[in-house]
Amino acid sequence: MLATLTLLLGLPLTLATEPPTCAPLVPVTFDNSTIPGLLGHWIYISGASRYPPHLAELKALKHASFSIFPSSHEDELNTIEVLRLNETCVVKNVSKIHVFWHNSTLMHVDDQTVSIAKVIQSDKDLLILKHISHDFPSLSLSARTPNVSKEHLEEFKAQLHCLGFTEEEIFSTSEKDACPGEETGEGNTDPQPE
Ligand SMILES: *[C@@H]1O[C@H](CO)[C@@H](O)[C@H](O)[C@H]1NC(C)=O
Ligand SMILES: *[C@@H]1O[C@H](CO)[C@@H](O)[C@H](O)[C@H]1NC(C)=O
Ligand SMILES: *[C@@H]1O[C@H](CO)[C@@H](O)[C@H](O)[C@H]1NC(C)=O
Ligand SMILES: *[C@@H]1O[C@H](CO)[C@@H](O)[C@H](O)[C@H]1NC(C)=O
Ligand SMILES: *[C@@H]1O[C@H](CO)[C@@H](O)[C@H](O)[C@H]1NC(C)=O
């Protein structure tokens, strides 16, 4: 009786010592609604990485938006990305995303780099990717509009802190650095560079 009571009382105490904000990152298992949810226009909001080449790119990245389009293959998506790296706007329209249905991963391929990622469960207007191609933690947040709610942003940052990133290691983009000709308002799924 006393032992049971101790156990019952002991349990909440043990749980209370766990960091309260480290919700697990739950990957999405792909189904027939996954791809429709990925298509369209996204704005890159924030991210962090310990993978050196990725980190270098994050440091230079001032703004990014991308659109995902279906291709003639159900296992392949086309993307157009508009990036501001330092001061320079760059349009990348040659990259592809391969969809691996059997293990629910995406592989992004552009002319120089390959990156493999899991989609993390979140709000339908957010896209959280956990990059797993290298043995370094790496997480990114994109959204349908530039104005992500404070709650969602805090939640994402909490996840990064749980992965061991400090505030200084988290890179965020700013709408004021959007490339000219880009309209980031809702409903714009056709960001043709001028
Ligand atoms: C998607 O999958 C679910 C469950 O497997 C099925 O019930 C549904 O009919 C499918 N929808 C389409 C559009 O294929
Ligand atoms: C951006 O600027 C930094 C610092 O000046 C430089 O090291 C880096 O190579 C630049 N990156 C790009 C892609 O221009
Ligand atoms: C990609 O860019 C090249 C060169 O600017 C252009 O010729 C091509 O049509 C573009 N492709 C798409 C899908 O926009
Ligand atoms: C998923 O499968 C692809 C192709 O077979 C492979 O390249 C990738 O590494 C796999 N991802 C994981 C997380 O196992
Ligand atoms: C965010 O921006 C979109 C489009 O720019 C707008 O429709 C929406 O009302 C904004 N939401 C908030 C919370 O400001």
Side-chain angles (χ1 to χ4, degrees), residues 23-39 42-68 70-122 126-142 159-160 162-182 191 193-194:
L25 295 169
V26 183
V28 170
T29 301
F30 291 179
D31 63 19
N32 56 11
S33 70
T34 305
I35 301 305
L38 293 175
L39 298 178
W42 293 98
I43 295 151
Y44 181 86
I45 304 290
S46 183
S49 177
R50 289 247 162 74
Y51 180 55
H54 201 166
L55 180 59
E57 191 175 287
L58 282 182
K59 282 181 178 164
L61 190 65
K62 299 297 183 280
H63 191 268
S65 69
F66 54 97
S67 290
I68 303 178
S71 76
S72 48
H73 273 266
E74 69 162 349
D75 296 346
E76 205 172 277
L77 303 168
N78 293 326
T79 66
I80 295 184
E81 299 162 69
V82 183
L83 317 172
R84 188 188 288 276
L85 293 170
N86 292 332
E87 294 306 309
T88 314
C89 285
V90 181
V91 178
K92 289 191 184 180
N93 73 354
V94 291
S95 64
K96 288 190 181 302
I97 295 173
H98 297 280
V99 181
F100 296 118
W101 294 93
H102 66 282
N103 60 12
S104 292
T105 50
L106 300 177
M107 184 169 80
H108 179 250
V109 183
D110 73 15
D111 43 357
Q112 315 136 31
T113 53
V114 171
S115 150
I116 296 179
K118 292 260 179 200
V119 181
I120 300 301
Q121 284 181 17
S122 64
L126 302 178
L127 177 60
I128 297 180
L129 293 176
K130 182 170 191 259
H131 303 269
I132 54 170
S133 28
H134 310 280
D135 212 8
F136 295 94
S138 182
L139 205 65
S140 70
L141 170 70
S142 303
Q159 284 167 340
L160 287 175
C162 288
L163 290 173
F165 290 104
T166 64
E167 201 64 38
E168 295 71 45
E169 291 176 304
I170 300 175
F171 296 92
S172 298
T173 59
S174 162
E175 204 41 27
K176 70 173 167 45
D177 292 317
C179 291
E182 251 195 280
E194 23 201 39

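We number each residue from 1, following the sequence as shown. Both counts, for ligands and for their atoms, begin at 1 and track the order of listing.
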**Request:** For the residue pair Ser104 and Thr29, confirm or rule out a side-chain donor-acceptor distance under 3.5 Å.
**Result:** no
**Item:** Trace of the side chain to side chain donor-acceptor pair (under 3.5 Å) decision for Ser95 with Glu81
**Value:** CA-CA 8 Å; Ser95 64; Glu81 299 162 69; 2.7 Å; yes
**Polar contact flag for Asn103 and ligand 4 (N/O pairs, less than 3.5 Å)** = yes
**Message:** Tell me whether ligand 4 is touched by Met107 - counting only heavy atoms on the residue side and a distance under 4.0 Å.
**Reply:** no
**Message:** Lys59: which residues meet the side-chain hydrogen bond (donor to acceptor under 3.5 Å, both in side chains) condition with it, sequence neighbours left out?
**Reply:** none
**Asked** Is a salt bridge present between Lys62 and Glu87, judged by a nitrogen-to-oxygen distance below 4.0 Å?
**Response** no
**Fill in**
Sequence neighbours excluded, the answer for salt bridge (charged side-chain N to carboxylate O under 4.0 Å, His left out) partners of Glu76 is Lys96
Put together the list of close N/O pairs, under 3.5 Å, between ligand 2 and the protein, could you?
from, atom 1, to, atom 2, distance (Å)
ligand 2, 2 (O), Asn86, OD1, 3.1
ligand 2, 2 (O), Asn86, ND2, 2.4
ligand 2, 11 (N), Asn86, ND2, 2.9
ligand 2, 14 (O), Asn86, ND2, 3.0

**Message:** Which residues pass the side-chain contact (heavy atoms from CB on, under 4.5 Å) test with Thr105, not counting sequence neighbours?
**Reply:** Phe100, Asn103, Ile116, Lys118, Ile132
**Prompt:** By number and element, which atoms of ligand 4 are closer than 4.0 Å to a non-hydrogen atom of Thr105?
**Reply:** 1 (C), 11 (N), 13 (C)
**Fill in**
Quick note on ligand 4: atoms under 4.0 Å from a heavy atom of Ile132 include exactly 13 (C)
**Asked** Do the non-hydrogen side-chain atoms of Phe66 and Ser142 ever get within less than 4.5 Å of each other?
**Response** yes
**Message:** If the cut-off is 4.0 Å to any non-hydrogen atom of His102, which atoms of ligand 4 fall inside it?
**Reply:** 1 (C), 2 (O), 4 (C), 5 (O)
**Request:** Give a yes-or-no answer on whether the side chains of Asp31 and Ser33 include a donor-acceptor pair shorter than 3.5 Å.
**Result:** yes
